[in-house]
Enquirer: 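Pasting a structure here, questions to come.
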Number of protein chains: 2
Amino acid sequence: MSGLEGNCEVHNPHDELCDRIAEKLPEESQIARAAELFKVFGDPTRLKILTLLSISECCVCDIAKLIDLSQSAVSHQLRILRQTRLVKYRKQGKEAFYSLDDEHVSEILSLGFEHAGEEQGGGR
Amino acid sequence: MSGLEGNCEVHNPHDELCDRIAEKLPEESQIARAAELFKVFGDPTRLKILTLLSISECCVCDIAKLIDLSQSAVSHQLRILRQTRLVKYRKQGKEAFYSLDDEHVSEILSLGFEHAGEEQGGGR
DNA sequence: ACAATATATGTACAGGTGAGCATATGTAAT
DNA sequence: ATTACATATGCTCACCTGTACATATATTGT
């Protein structure tokens, strides 16, 4: 019927498809990097930080206030965001003003919110 | 100099900024949903599955072969991908052919790979 | 030098998460 | 009905992760 049947376990039609897919698959390391990136976006605290930084640059203790979390926890998360190049900061006196590092970051943010927003309760 | 200084702890200039940011921030629940979405993309196994499904629809045991993982583990991950509406499947005899549920999914994939690809070893 | 404030970091721990094993369910063939 | 195969699920466990607490570092003012 569809040309896709065949014993999946032993050999056959599927193998051909698998080979084609295997060829096109990105390298392991590239997938790992992309997963790492998504993982950083995948924590509510970090996502909040990124979202508020997409509105305006902000200093650490204000971030802590805005998301109601300890300064320590915020600082730890900011380190992760720094290491993954999602945020940058400028130091001014005692304060550190953080901001998004890259247009890309807000693009990913928007796309995420867009997709998360549309299909919630409804459907199917 | 920048109009942003002022005691961060007690009160003042920052408060005004904080209020403006707080107003514009999405609701907690919306951020939670977006984070949940990113989290699903943030696991290498799931990202591999999504990536290979972006190339072609595929049955469970072939996925297991392609990413070299137990059938059980794959099935568990597919459930998560189903529940988050990232994949759909059609049953044909004993086999279940999975595919991406939505254009959006491959958009997010591409954007992720794009960003993950560019800045790795280099820069700054 | 000392105090005060902002931020960073080391450590510990509770809670979460992915993988495998065993097994259940569903489907087709004999 | 029985067997064989494909997939799904309950369970367990090793590992990871985010947070708070305590403390270190840096900067400014007195």
Side-chain angles (χ1 to χ4, degrees), chain A residues 1 4-14 18 31-32 35-36 38-50 57-84 87-98, chain B residues 1 4-14 18 31-32 35-36 38-50 57-84 87-98:
Chain A
M1 297 142 191
L4 277 171
E5 301 103 280
N7 190 314
C8 180
E9 180 60 47
V10 191
H11 34 53
N12 303 11
H14 287 212
C18 283
I31 294 185
E36 202 61 41
F38 284 124
K39 193 197 284 185
V40 176
F41 280 83
D43 174 75
T45 296
R46 286 191 295 264
L47 196 58
K48 269 182 225 165
I49 295 176
L50 290 172
E57 87 171 345
C58 203
C59 80
V60 178
C61 83
D62 283 344
I63 297 176
K65 274 187 255 168
L66 278 164
I67 67 180
D68 188 36
L69 199 66
S70 76
Q71 174 270 321
S72 163
V74 171
S75 201
H76 277 297
Q77 298 299 1
L78 283 171
R79 179 159 62 138
I80 294 175
L81 295 173
R82 257 184 283 131
Q83 287 171 340
T84 47
V87 306
K88 61 189 177 194
Y89 71 108
R90 65 184 176 87
K91 208 115 191 260
Q92 185 168 28
K94 289 177 285 192
E95 294 170 319
F97 289 93
Y98 280 81
Chain B
M1 297 149 184
L4 278 171
E5 300 104 279
N7 191 312
C8 181
E9 181 59 46
V10 191
H11 34 52
N12 303 12
H14 287 211
C18 283
I31 293 185
E36 202 59 42
F38 284 124
K39 193 198 282 185
V40 176
F41 279 84
D43 173 75
T45 297
R46 286 190 294 263
L47 195 58
K48 269 182 223 165
I49 295 176
L50 290 172
E57 86 171 346
C58 202
C59 79
V60 178
C61 83
D62 283 343
I63 296 176
K65 275 188 254 168
L66 277 164
I67 68 180
D68 189 35
L69 198 67
S70 75
Q71 174 269 321
S72 163
V74 171
S75 202
H76 278 296
Q77 298 299 0
L78 284 172
R79 179 159 63 136
I80 294 174
L81 295 173
R82 254 184 285 132
Q83 287 171 340
T84 47
V87 305
K88 60 188 177 195
Y89 71 108
R90 63 183 177 88
K91 214 126 186 246
Q92 185 169 28
K94 290 177 286 192
E95 295 169 320
F97 289 93
Y98 280 82

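Below, read A as the first sequence line, B as the second, and so on, with proteins coming before strands; counting in each chain starts at 1.
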Enquirer: Check if the side chain of Ser72(B) and the base of dT9(D) share a donor-acceptor pair of N or O atoms closer than 3.5 Å.
Expert: yes
Enquirer: So which atom in Val87(A) and which in Arg82(A) form the shortest heavy-atom distance, rounded to 0.1 Å?
Expert: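 The pair with the smallest heavy-atom distance is CG2-N, 3.7 Å.
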Enquirer: Compare side-chain N and O positions of Ser70(B) against OP1 and OP2 of dA19(C) and report whether any pair is under 4.0 Å apart.
Expert: no
Enquirer: Between His14(A) (NE2) and dC5(D) (C1'), how many Å, whole number?
Expert: 12 Å
Enquirer: What's the verdict on side-chain contact (heavy atoms from CB on, under 4.5 Å) for Val60(A) and Glu95(A), showing C-alpha distance, side-chain angles and the deciding distance?
Expert: CA-CA 7 Å; Val60(A) 178; Glu95(A) 294 170 319; over 6 Å; no
Enquirer: Starting at atom CZ of Arg90(A), determine the distance to atom C1' of dA6(C), rounded to an integer number of angstrom.
Expert: 15 Å
Enquirer: Let's see if you can work this out: which of dA6(D), dG18(D), dA8(D) has an atom nearest to the side-chain heavy atoms of Glu95(B)?
Expert: dA6(D)
Enquirer: Of the listed nucleotides (dA8(D), dA6(D), dT7(C)), which one gets closest to any side-chain atom of Cys61(A)?
Expert: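 Selected nucleotide: dT7(C).
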Enquirer: For Leu81(B) and dT9(D), what is the distance between atoms CG and C1' respectively, to the nearest whole Å?
Expert: 16 Å
Enquirer: Determine: side-chain N/O of Arg46(B) to OP1/OP2 of dG18(C), distance under 4.0 Å, yes or no.
Expert: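 Checking dG18(C) against Arg46(B), a side-chain N or O does come within under 4.0 Å of OP1 or OP2.
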Enquirer: Using atom types as modelled and distance alone, determine if a side-chain donor or acceptor of Thr84(A) lies under 3.5 Å from a backbone N or O of Ile80(A).
Expert: yes
Enquirer: May I ask you to evaluate whether Thr45(A) reaches the phosphate of dT19(D), defined as a side-chain N or O under 4.0 Å from OP1 or OP2?
Expert: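 Affirmative; the distance criterion is met.
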Enquirer: Expressed as a whole number of angstroms, how long is the span from Arg79(A):CZ to dT25(D):P?
Expert: 15 Å
Enquirer: What is the distance, to the nearest angstrom, from the CD atom on Gln92(A) to the P atom on dT27(D)?
Expert: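 The answer, rounded to whole Å, is 13 Å.
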Enquirer: Just say parallel, tilted or perpendicular for the rings of Tyr89(B) and Tyr98(B), cut-offs at 30° and 60°.
Expert: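 Correct class here is parallel.
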Enquirer: So does Tyr98(A) get a side-chain nitrogen or oxygen closer than 4.0 Å to the phosphate oxygens (OP1/OP2) of dA8(C)?
Expert: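 So the side-chain polar atoms of Tyr98(A) do come within 4.0 Å of the phosphate oxygens OP1 or OP2 of dA8(C), strictly under.
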Enquirer: Quick check: on DNA chain D, is the nucleotide nearest Lys91(A) upstream (toward 5') of the one nearest Ala73(B), or the reverse? Name the residue that is more 5'.
Expert: Ala73(B)
Enquirer: In whole angstrom, give the distance that lies between atom NZ of Lys39(A) and atom P of dG18(D).
Expert: 8 Å
Enquirer: Going by ring centres under 5.5 Å and near-parallel planes (under 30°), is His76(A) stacked on dT19(D)?
Expert: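 It does not: the ring fails the test against the base of dT19(D).
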Enquirer: I'd like to know if the side chain of Arg46(A) reaches the main chain of Val40(A), judged simply by a donor and an acceptor atom lying under 3.5 Å from each other, with no hydrogens or angles considered.
Expert: yes
Enquirer: Tell me the interatomic distance from Phe97(A), atom CZ, to dT27(D), atom P, rounded to whole angstroms.
Expert: 15 Å
Enquirer: Using whole Å, report how far CD of Gln77(A) lies from C1' of dC16(D).
Expert: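 It works out to 14 Å between those atoms.
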Enquirer: Using a distance-only criterion (donor-acceptor N/O pair, under 3.5 Å, no hydrogens), is the base of dA8(C) paired with the side chain of Gln71(A)?
Expert: yes
Enquirer: Let's see if you can work this out: which of dT9(C), dT7(D), dT19(D) has an atom nearest to the side-chain heavy atoms of Leu69(A)?
Expert: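 Nearest to the side chain of Leu69(A) among the choices is dT19(D).
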